[in-house]
Structure formats: structure tokens, C-alpha cells
Amino acid sequence: MRRAVAETLRRHADRTALVAEGGDVWTYARLETEARAVAAELPGPCLTVIEGGNAPTTIAAYLGVLLNGGLAHLAESGRADALRAAFGPLALIRCGDMTRALEVGDDAVSSEGVHPDLVLLFSTSGTTGASKMVKITNGAIRSNTEAIVDYLGLTAEDRAITSLKPTYTYGLSVIHSTLLSGGALLLTDRSVQDPAFWRFARTHGATTLSGVPHTWEVLADSDDLERTPSLRLLTQAGGKLRPELVRRFAERGRKAGWDFCVMYGQTEAAPRMAYLPPQLAETAPEAMGVAIPGGALSLQDEQGRLIDTPETEGELIYHGPNVMAGYATRRADLAAAESLGRLATGDLAMRRPDGLFVITGRRSRFIKPLGIRIGLDEVERLLAARGVTAAAVAQGEGLLVVCEGCEAPHSASLADELGLPSTLVETRRVDALPRLASGKPDYGALRPTPPGKIWLPAHPLRFARDTAEETWRLLVGGGDRTRPVVDVFSDVLRRPVKLDDSFTSLGADSLNYIELTVALEDVMGRLPDGWIHMSVEALEQRREAWS
């Protein structure tokens, strides 16, 4: 990938590489100049943390680390200390819209103990610290990026608008594939719910748009796609999208002139493993598709034996050169860089007679109350077929179903449908499900606290400790209780906020939800139901009343 970056920068020198929302245009030649300036500032190849959003400075800093032969980790702000504690000496580059600042620190930054073939460290899905990182090699990134360019048919004429953060493996993958094909990136951190996002897309002729399932749920009833005639390709990854939405977007695309491509991947595969050819999206919307070029998919049973028969469920196994080189939790783990070549995905799937693979659930997403096997993903699909977006999680020996934005089904009726006693099923309604950066539901945030029901936690002492800590947090808050709510909104959303604004009116989405929830809980202690629809002023009044 390092050589591919250098070759691409030279080959497309006069072409547009980056277009910032403010109108600043960078050619590949300018991008190379800035990237090499970053490389020259670094104290040799080393582990480098890059903090920044979708801005030219972030892209230049990242490419500079690659050209310098270093190991990069793109992170949200404030993660460098955790990485330094786990992995030792590192350099830190903080990127603004037009500025960058290099911080080397007091310790001597070096590449000692870091294998030269490692180019990227990624946080595993859902992690926010440095406890477990995915190691990606130079060859893994290059092979995966070339496969993506191949099966999507990307060219130097494409212009990809960024709807995902570069700190997210899918977002960085869009950057890789666009630049390797010689195309241009339209850089913005705005949500697809923001009209300014679409003005930017139309002004600069966006041809490709990528999103997680939440993105496409938001756009399901919007005509912004049809009003952007330059679009030719929409891609979806980061979780399973409802088949009816896959079919609907494919049908809309057939009429409007763009393709809808469903993709499947994991961080551990750098990140793509499979895709559904767009021409099959209308007829096989439930399928995740076939292996990417250079890769192979298979299924195995619980004893690890290969499954050859169609329509038989088993764990999905991927083989390919893009598989990670393992996990890292400390500096010593960075010394090895051999690709594992094989990845047991943890997903359950089956192979249709026509060769297409279909994801059926997760190995760990099951409960077995009273000996009855209940697939949590199946419960979610059951409700999705009725138009209910929900997250299902284990609750003691039973089931908790949290429904988003609509009336939850009655617990007793759902229990009867699943063949369970009503005492083992609880349903709740929330305005918005907590979500990870990938757009997937944050199941860890859906803590089981069923009032009025008998529930014995698996670890009573740990539960008592955690409950006491949570009660104290709710009573006294976790941060500065005098801090105005408007300041919290402005800091998290990184833009001016007025008192009559609300989470929904600001066009914020699931990528902001968890960060803002945590920050508001620090100043308010707890959040009222429906807070995302309340004005900043109303939340401030609640904060003052509760302080």
C-alpha cells in the first residue's frame, strides 16, 4: 500500500484529489507535497496517532505516515494517552480543518519493536480505548483496496462524498479505494440529514455515496438521492440492512440511474470480504453475496467440519490475503506481522443453491430460556418485517426488546409468539436506539434493568458494585454539574448551537448519539425521556433544577 500510495500521487499529479467543504481544492501533487512534509517532520518510522475529521490535513497526515514507513492509528481526540500506556512511545498529530500539530512527547519515539510490514492499527468494533487493536499489514490493505476498486468499477472520474468518519474502518476504506483509483474525495463531516450535505454533493458532482444501515434507514423516504443526478453508485456495509430496503433502493436506482451495492466485512479483514452484485439486489435482497476478488468463503459446523450442502447453517469462514495479522494489546504484539489468512467471522450463514451467502445471525446472539433456543437476530428480523426497528438482548434468563420510535409490541403477545412465558419477555420503547460508530445498535448500552420482575444476575457481587456506582452517578453526576448544556452540544457537535436547537433539529445522527449522551449525563446526572427532541434551553432548565 505504501508503494501504491506513492505511485498514485505521482501518476495523478494534476488531477483533483480532495475538495474541502469550504471550497479548497487539492490536486494529487499538492497532497503529495503536504504528505511528504508530514513525513519529514516525523522522527523516522514510528507508531503515530492521527486525530482529525474529514479534512485535507487529516488525509495528508495519514499518507505522510505511510510514506514515512510508519504505523498509523486514526482516532477520536483524547485516545492517545490510552494508546501510549498500552503500546509505549508514539507520535501524535492533531489535525484541524486547515492546521496540523505534531506532538512527540518526552519519550524517545522509535520504531523499535514494531514490524515494518504493519501499517494500521484499528480498534475492534465497539471499543473506545486501546485494550484490543487489530493489526493490518501493508499487503492486506493493498489487496483489499484493489479488490474493492475492481468489483465496484471505480475510476479516476469518480467523486466520493464522505458520510463516514476516517476513524471508522469503512470510512477509511472509502478513502483508500477512491484515492487508489485516482478519483476525488468530497470532504465533509456533515450528516446526510443536513441540507448542506446535499448542496455540497450537487455542487461538486458526487458520484458515489457510502453508508451504514442507519444511513439508508434515514434516506428511505428522502428524495435527495434522486435530486443528485451525478450519483452512479451507492454502497452499504457496517451491518445487515433490511431486505425490503435493499430491494427498494435497488428499484429506485434502476429508475434514477445508480447502482446499490450491499457489502459485507469486518475490521479484521481490512475490511471487505463479500459483496452482492448490484444486478442481484432486487431479486436476492436478503443475501450478502459472494467473496471479493482474491478471497473465498466457506461454512463450518460446530465441530469445525466443512459444510458442503446448500441451505445448511454454519459459521462463516473467510480466506484471503486481506485478513489481519492478529490482535495487539501491548507493544510486544507489534513485533509480528504475518497475515492469518483465515478468519472465523463469528457470523452464522447459509449458502443458497445459486452460490450466494446469506447471514442468519451471530454465534453469540442466542439465548436458551427453558431449553428453547431463541435467536436474538431472528427476533429483530421478525419485528423489522412489521416495520419496527428494535434491538433484542439477553436479560438474565429471558429477553429484553427495545423498540425505536414506535409503540413496542405487548410483552405477553411477543412471548406467546416465541413460545416463552410472559415473565421472561419485556418490551420497551425509546426515541432512538444507542448506536456505535458503525451505525449498529450498541447492545452494551441496553442494560437489563427490569422493574418488578425477579431477576438474578450472573455475578451478584459485581452487579451490586456496578449498581451502586450507577446510582451514585445518577445522584451526583460524573462531571462538572455547572457546565451549560449549550457548551456540551457545541463541543460534541463541533459547531455553534442555539438555545432553541435540539438534537433532531440539528440533524445529528447515530454517530453523535452516544458521545453526546455520555457528555450530557456528566453534567445532568440523567437524561429525561425524549431528550433528543427537547430544546437545549429546556435541557438547561432541567440541569439547573436537578443540580
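Given the structure is predicted, the values throughout are model-derived calculations rather than measurements.
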### Message
Would you say that W258 contacts F249 through its side chain, given a criterion of any heavy-atom pair below 4.5 Å between the two side chains?
### Response
yes
### Query
Has the side chain of N54 got a donor or acceptor atom that lies under 3.5 Å from a matching backbone atom of L164?
yes
### Message
Looking at D97, I want to see if its CG is surrounded by more than 12 non-hydrogen atoms of other residues, nucleotides or ligands under 6.0 Å.
### Response
no
### Task
Give me the ring orientation class for Y151 and Y275: parallel if the planes are under 30° apart, tilted from 30 to 60°, perpendicular past 60°.
parallel
### Query
Hey, are the side chains of I141 and L120 touching, using non-hydrogen atoms and a 4.5 Å cut-off?
yes
### Query
Checking T137 side chain against A140 main chain: does a donor-acceptor pair fall under 3.5 Å?
yes
## Note on the structure
Value for OG (S143) from CD1 (I292), rounded to nearest 0.5 Å, stands at 7.0 Å
### Query
Got L299 and T312 here, is their nearest side-chain heavy-atom distance under 4.5 Å?
no
### Task
Please lay out, stage by stage, how E41 and R100 fare under the test salt bridge (charged side-chain N to carboxylate O under 4.0 Å, His left out).
CA-CA 11 Å; E41 293 172 6; R100 70 169 184 270; 2.9 Å; yes
### Query
When rounded to the nearest 0.5 angstrom, what distance separates CD1 in I59 from CG in L187?
5.5 Å
#### Entry: Distance-only donor-acceptor check, side chains T167 and E76, under 3.5 Å
yes
### Query
After noting the C-alpha distance and the side-chain angles of V114 and R331, does the key distance pass the side-chain contact (heavy atoms from CB on, under 4.5 Å) rule?
CA-CA 8 Å; V114 179; R331 184 90 174 184; 3.8 Å; yes
### Task
Please round to the nearest 0.5 Å and tell me the distance separating atom OG of S181 and atom CD of E157.
10.0 Å
### Message
Could you tell me if D117 and N138 have a donor-acceptor pair between their side chains, going purely by distance under 3.5 Å?
### Response
no
### Message
Keeping R159 on the side-chain end and H204 on the backbone end, is there a donor-acceptor pair under 3.5 Å?
### Response
yes
### Query
Do V174 and T178 have side chains that get closer than 4.5 Å, going by heavy atoms?
yes
### Query
How many angstroms lie between atom CG of L67 and atom CZ of R2, to the nearest 0.5 angstrom?
9.5 Å
### Task
Kindly check if the number of other-residue, nucleotide or ligand heavy atoms within 6.0 Å of CG (D14) is above 12?
no
## Note on the structure
For A328 and L334 the tightest heavy-atom approach is CB-CD2, 3.9 Å
### Query
Can you tell which of R381, R242, R352, R247 makes a salt bridge (charged side-chain N to carboxylate O under 4.0 Å, His left out) with E286?
R352
### Message
Would you say E268 and Y327 are linked by a side-chain donor-acceptor pair, where the criterion is simply a distance under 3.5 Å?
### Response
yes
### Message
If you define the side chain from C-beta out and look only at heavy atoms, does anything of C46 sit under 4.5 Å from T48?
### Response
yes
### Query
Does any donor atom in the side chain of S210 or T235 lie under 3.5 Å from an acceptor atom in the other side chain?
yes
### Under 3.5 Å: donor-acceptor pair, side chain of R202, backbone of R227
yes
### Message
Does any part of the side chain of I136, heavy atoms only, come nearer than 4.5 Å to the side chain of L121, both counted from C-beta?
### Response
no
### Query
Does a sphere of radius 6.0 Å around CZ in R3 hold more than 12 heavy atoms from other residues, nucleotides or ligands, not counting ones at 6.0 Å or beyond?
no
### Query
Just by modelled atom types, is the A269 backbone N or O under 3.5 Å from a matching donor or acceptor in the N322 side chain?
yes
### Query
Under 3.5 Å, side chain of T57 to main-chain N/O of G96, donor-acceptor pair present?
yes
### Query
Okay, side chain of W198, backbone of V192: is any donor-acceptor separation there less than 3.5 Å?
yes
### Query
Any side-chain heavy atom of M263 sitting closer than 4.5 Å to one from Q236?
no
### Task
Decide salt bridge (charged side-chain N to carboxylate O under 4.0 Å, His left out) for R248 and E244; before the verdict, give the C-alpha distance in whole Å, the side-chain angles of both, and the deciding distance to 0.1 Å.
CA-CA 6 Å; R248 191 195 306 179; E244 57 267 34; over 6 Å; no
### Verdict with supporting geometry, D24 and W26, side-chain contact (heavy atoms from CB on, under 4.5 Å)
CA-CA 7 Å; D24 194 17; W26 288 36; 3.0 Å; yes
### Task
Verify ring pair (Phe, Tyr, Trp, His ring centres under 6.0 Å) between H176 and Y62, making sure each step is shown before the conclusion.
CA-CA 11 Å; H176 287 154; Y62 170 58; 5.6 Å; yes
### Closest approach of A287 to L276 (non-hydrogen atoms, all atoms of both residues)
O-CD2, 3.7 Å
### T16 side chain vs A184 backbone, donor-acceptor pair below 3.5 Å
no
### Query
Nearest heavy-atom pair of P271 and N144: which atoms, and what distance?
N-OD1, 3.1 Å
### Enclosure of Q279 CD (heavy-atom neighbours >12, cutoff 6.0 Å)
yes
### Query
Can you tell me if T345 uses its side chain to pair, donor with acceptor, with the backbone of L316 under 3.5 Å?
yes
### Query
Would you call L31 and L18 a side-chain contact if the rule is heavy atoms closer than 4.5 Å?
yes
### Task
Might you work through the side-chain contact (heavy atoms from CB on, under 4.5 Å) test for H73 and I50, ending with a clear yes or no?
CA-CA 6 Å; H73 174 66; I50 302 164; over 6 Å; no
### Message
Under a 3.5 Å threshold, yes or no: a donor from one side chain and an acceptor from the other, between D333 and T329?
### Response
yes
### Task
Ignoring hydrogens and angles, tell me if any N or O in the side chain of T33 forms a donor-acceptor pair with the backbone of A29 under 3.5 Å.
yes
### Task
Evaluate the criterion salt bridge (charged side-chain N to carboxylate O under 4.0 Å, His left out) for residue pair R199 and E21; output intermediate values, then yes/no.
CA-CA 10 Å; R199 287 196 295 271; E21 195 172 358; over 6 Å; no
### Query
Hey, what do you get for OG1 (T58) to CG (L74), rounding to the nearest 0.5 Å?
7.5 Å
#### Entry: Heavy atoms from other residues, nucleotides or ligands near CD of E226 exceed 12 (cutoff 6.0 Å)
yes
### Task
Considering non-hydrogen atoms only, spot the tightest contact between G205 and S230 and give its length.
C-OG, 3.3 Å
### Task
Considering only NZ, NE, NH1 and NH2 on the basic side and carboxylate oxygens on the acidic side, decide whether K255 and E251 come within less than 4.0 Å.
no
### H115 to A335 - nearest heavy-atom pair and separation
CD2-O, 3.2 Å
### Query
From S111 OG over to L47 CG, what is the distance, rounded to the nearest 0.5 angstrom?
11.0 Å
#### Entry: R351 and E311 ion-paired at < 4.0 Å
no
### Task
Show your working on side-chain contact (heavy atoms from CB on, under 4.5 Å) between L102 and V38 and close with a plain yes or no.
CA-CA 9 Å; L102 173 64; V38 172; over 6 Å; no
### Task
Looking only at non-hydrogen atoms, find the nearest pair between R15 and A156 and report the distance.
NH2-O, 2.7 Å
### Query
Residues in ring pair (Phe, Tyr, Trp, His ring centres under 6.0 Å) with F122, at least two apart?
none
### Message
Between T207 and D158, is there a side-chain donor-acceptor contact under 3.5 Å, judged purely by atom types and distance?
### Response
yes
